[in-house]
Amino acid sequence: MYRTTDPEVISEAVSMYDDEVVGFDPEAWVKDDRHIALTDGKGNVNLLEYVKDGVYTGHVFYKTRGKDALTLLSKTIDQTFRDYPVRVIVGLTPEKKRGARWISRRVGFTSHGLIDTIIGPCELFIMTKETR
């Protein structure tokens, strides 16, 4: 995975999930250089949205599925903690996305239960650099 600031790459990946992404503007997002976008150039994108020093909200937009997605996400998390100023990753995964919730657990995120969001119930996941 490599860092990108190309809003088109991000927009294409996010467009696969238009019904779940509300109010996101890739061009404005990339202007804040504290945000981190990683891609493999094959339509798989991880967005790490800056919250405060060391804390980022993670968003995963993958075309890849199954074991390949699990492997890619695991490697990307390792790279993120190694190469960027990330100490905590927080994620919200829609309750209906059972596969994504399963992968989150498999790569080491800890569930903190379901919460109501603008797109419906989502499971709150958190991972720290120390618990990775």
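Bear in mind the structure is a predicted one, so any value in this text is a computation, not a measurement. The first residue of the sequence shown is numbered 1, and numbering continues consecutively from there.
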* Structure fact -> Residue set satisfying side chain to side chain contact (heavy atoms under 4.5 Å, CB included) with K42, at least two apart, ordered chain then number -> D40, N44

* Asked: Applying the 4.5 Å side-chain criterion to the ILVMFWY set and letting contacts propagate, would I126 and L114 be lumped into a single cluster?
  -> no

* So which of R34, H35, H59 actually passes side chain to side chain donor-acceptor pair (under 3.5 Å) with E49? -> H59

* Please round to the nearest 0.5 Å and tell me the distance separating atom SG of C122 and atom NZ of K96. => 9.0 Å

* Measure from the side-chain N and O atoms of T131 to the backbone N and O of T128, and report whether any donor-acceptor pair falls under 3.5 Å. => yes

* If every non-hydrogen atom of R101 is compared with every non-hydrogen atom of E95, which pair is closest and at what distance? -> NH1-O, 2.7 Å

* Mark yes when over 12 heavy atoms from residues, nucleotides or ligands other than R98 sit less than 6.0 Å from its CZ; otherwise mark no. => no

* Asked: More than 12 foreign heavy atoms under 6.0 Å from CD of E27: is that the case here?
  -> no

* Qualifying side chain to side chain donor-acceptor pair (under 3.5 Å) pairs with a residue from residues 111-121, counting only residues at least two apart or across chains -> S111-E123

* When hydrophobic residues are tied together by side-chain contacts of less than 4.5 Å, even through go-betweens, does F24 share a cluster with V51? -> no

* Rounded to the nearest 0.5 Å, how far does CD of E12 lie from OG1 of T39? -> 9.0 Å

* Asked: Honestly curious: do F61 and L92 fall in one hydrophobic cluster under the side-chain, below-4.5 Å linking rule?
  -> no

* Asked: Are V88 and L124 in one and the same hydrophobic cluster, where Ile, Leu, Val, Met, Phe, Trp and Tyr link if side-chain heavy atoms are under 4.5 Å apart?
  -> yes

* Asked: Would one find more than 12 heavy atoms of other residues, nucleotides or ligands at under 6.0 Å from atom CD of Q79?
  -> yes

* To do: Would you check if the side chain of S11 reaches a backbone N or O of E8 as a donor-acceptor pair within less than 3.5 Å?
  => no

* To do: Please name the pair of heavy atoms, one in A13 and one in G43, separated by the smallest distance, quoted to 0.1 Å.
  => CB-O, 4.3 Å

* To do: Locate the shortest heavy-atom distance separating P26 from P7; write the atom from each residue and the value.
  => CB-O, 3.7 Å

* Full working for side chain to side chain donor-acceptor pair (under 3.5 Å) between R132 and T80 -> CA-CA 11 Å; R132 178 67 178 148; T80 297; over 6 Å; no

* What's in the same ILVMFWY side-chain cluster as M1, cut-off under 4.5 Å, chained through other members? -> I36, L38, L48, Y50, Y56, V60, Y62, L70, L72, L73, I77, F81, Y84, V86, I89, W102, I103, V107, F109, F125, M127

* Side-chain heavy atoms of P94 within contact of I119, under 4.5 Å -> yes

